[in-house]
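The sequence lines fix the lettering, A, B, ..., with proteins before strands; numbering per chain opens at 1. Note that the structure is predicted; figures quoted are calculated from it, not measured.
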Protein chains: 2
Amino acid sequence: MNAFEGAEMISEIKRRKLAYPLYAITAEEYSLGRSNIEVARDMLAGGIKILQYRQKEKPKRQKYLECLEIRRMTVNAAATFIVNDDLDIALAVKADGVHLGQDDMPIEAARELVKEGMIIGLSTHSPRQAQDAIARGADYIAIGPIFPTRTKKDACPAVGLEYLDYAFKHVAIPFVAIGGIKLHNLREVLAHGAPCVAMVSEIVSAADICARIKEILSFHPCVLHSYL
Amino acid sequence: MNAFEGAEMISEIKRRKLAYPLYAITAEEYSLGRSNIEVARDMLAGGIKILQYRQKEKPKRQKYLECLEIRRMTVNAAATFIVNDDLDIALAVKADGVHLGQDDMPIEAARELVKEGMIIGLSTHSPRQAQDAIARGADYIAIGPIFPTRTKKDACPAVGLEYLDYAFKHVAIPFVAIGGIKLHNLREVLAHGAPCVAMVSEIVSAADICARIKEILSFHPCVLHSYL
């Protein structure tokens with residue numbers, strides 16, 4: 001295997017780790033009193049294959065310990081584990097990837113610190129940001145917020161479905177639609193070509209998380225199940 | 001050179017990087033409107049040889065860019081550069097070290113991510129925490145807060161000079177006294193055996209930072225200058 005083939009293989013492994021229709025994100029403050037760990041357990045039991053740990057206001061030690069446990073759980077569930085923002089925690093717990101915002105460390109600086117196989121995802125809010133992220137080597141991008149959202153305090157204003165239309169036509173790397181996506185608007189989002197949707201409150205605020213995930217996954221089988 | 005000699009040499013380099021009497025820490029909100037970069041420039045011009053970047057509430061990209069610039073400045077000034085909390089930024093800018101709190105990632109997890117030569121410092125607030133930090137491989141520890149302080153929002157209550165007395169007798173690794181240390185109580189702190197003192201507002205809030213540092217360094221020459 002030469003270097004080119006090696007890089008191709010790593011690239012293919014990353015694509016497979018991202019080739020799932022539903023991307024679940026933790027949000028303890030909306031989890032009806034359940035901990036991130038409990039919620040992650042239910043998400044995985046419900047069939048989630050991409051799980052992002054997002055937790056802003058907590059001491060880093062606690063975030064690290066939670067991620068360590070979720071890393072163990074996601075390995076057992078053969079699920080992809082992404083840590084939001086904290087690259088050091090992602091590295092320490094050997095997560096599959098890290099998700100960065102436009103205000104985080106530049107992707108090139110992050111890339112220098114991680115092993116080749118680590119996924120780096122980037123939030124983007126416009127076609128310009130999408131092209132910039134692709135040019136700078138993002139493994140996937142988030143497209144949004146599609147609708148207004150209250151689960152991300154520093155979220156930018158909703159960008160609407162037009163940006164998703166753009167992504168469907170012009171983004172050749174994996175992307176995930178995010179921001180205010182619920183059961184009631186899921187069909188619309190899928191119709192605009194989202195290969196993967198991220199949901200936060202629609203999952204973590206469900207009384208029965210497993211049942212909610214199954215409901216989401218069965219919602220539009222021809223689109224969602226093609227990735228399972 | 002065998003492995004033991006190599007480790008000894010790295011250890012010696014770390015000790016030399018820490019063998020200075022005054023440890024300056026940024027605090028932009030107390031810097032009279034000056035940026036961290038401007039303050040760092042003045043600190044280095046004043047003779048500071050250990051500089052810690054501490055900045056809680058700022059987007060990570062901005063912190064990274066500031067640290068990148070301060071890293072460049074500290075290299076030129078042959079000064080030791082420590083980044084507070086953000087191990088990923090410390091790694092990305094190739095700082096000399098990282099300073100962790102009791103609520104940060106455990107030191108063992110941090111150690112696994114850094115090169116052998118990187119300094120890891122730990123805040124400690126009691127003899128038990130000091131011994132724990134030493135056992136777990138801290139390169140230096142901070143002893144404090146000696147006096148009440150307002151520059152660290154999550155600071156624990158002042159522990160007083162007794163803990164410094166303990167450190168002087170029982171701590172065999174480099175340590176730095178911190179917390180509410182000012183010109184008016186510096187003599188007292190030095191008299192209790194602090195080989196190095198950390199100051200925040202007394203430096204960053206000075207109208208003339210260079211002059212203030214020279215004043216501090218000349219304050220007790222027999223103790224402070226022995227390290228220069």
Side-chain angles (χ1 to χ4, degrees), chain A residues 53-72 82-95 97-115 118 120-125 129 132-133 136 138 152-156, chain B residues 53-72 82-95 97-115 118 120-125 129 132-133 136 138 152-156:
Chain A
Y53 178 86
R54 189 162 82 188
Q55 178 67 55
K56 297 278 180 194
E57 314 283 327
K58 248 188 201 181
K60 206 146 185 180
R61 174 176 300 242
Q62 211 173 325
K63 293 205 271 182
Y64 163 77
L65 292 171
E66 290 179 13
C67 284
L68 205 59
E69 176 61 13
I70 297 175
R71 168 72 295 190
R72 198 188 57 73
I82 309 274
V83 175
N84 188 56
D85 289 352
D86 296 305
L87 178 56
D88 41 10
I89 294 179
L91 288 167
V93 305
K94 300 185 172 59
V98 66
H99 187 89
L100 302 175
Q102 291 288 326
D103 273 346
D104 280 318
M105 204 187 284
I107 193 166
E108 298 85 350
R111 185 68 76 192
E112 272 192 40
L113 300 182
V114 306
K115 292 215 175 74
M118 187 175 266
I120 302 183
L122 201 63
S123 295
T124 69
H125 317 298
Q129 288 183 352
D132 183 60
R136 294 163 70 189
K152 194 159 186 275
K153 289 181 187 66
D154 54 348
C156 78
Chain B
Y53 178 86
R54 190 162 82 187
Q55 177 67 55
K56 298 278 178 193
E57 315 282 327
K58 248 189 202 181
K60 206 145 181 178
R61 174 177 299 242
Q62 210 174 328
K63 293 205 270 181
Y64 163 77
L65 292 172
E66 290 179 12
C67 284
L68 205 59
E69 176 62 14
I70 297 175
R71 168 72 296 190
R72 198 189 58 72
I82 309 275
V83 175
N84 189 56
D85 289 353
D86 296 305
L87 178 56
D88 41 12
I89 294 179
L91 288 167
V93 305
K94 300 186 172 61
V98 65
H99 186 90
L100 303 175
Q102 291 287 324
D103 274 346
D104 280 317
M105 204 188 283
I107 192 165
E108 297 85 350
R111 184 68 76 190
E112 272 192 40
L113 301 182
V114 306
K115 293 220 174 72
M118 187 176 265
I120 302 183
L122 202 62
S123 293
T124 69
H125 316 299
Q129 287 184 353
D132 183 59
R136 294 163 70 188
K152 194 159 185 274
K153 290 181 186 65
D154 54 348
C156 78

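- To the nearest 0.5 angstrom, Asp104(A) atom CG is 10.0 Å from Lys63(B) atom NZ.
- Listed here is the closest heavy atom pair of Asp86(A) and Asp88(B): C-OD2, 4.1 Å.
- Taking Leu100(A), Leu91(A), Asp85(A) one by one and counting their heavy-atom pairs under 4.5 Å with chain B, the maximum is reached by Leu91(A).
- For Leu113(B), the part sitting under 4.5 Å from any heavy atom of chain A is the side chain, from C-beta outward, and nothing else.
- Heavy-atom distances place both the backbone and the side chain of Ile89(B) under 4.5 Å from chain A.
- Of residues 53-62 of chain B, those residues lying under 4.5 Å from chain A by any heavy-atom pair are Pro59(B), Lys60(B), Arg61(B).
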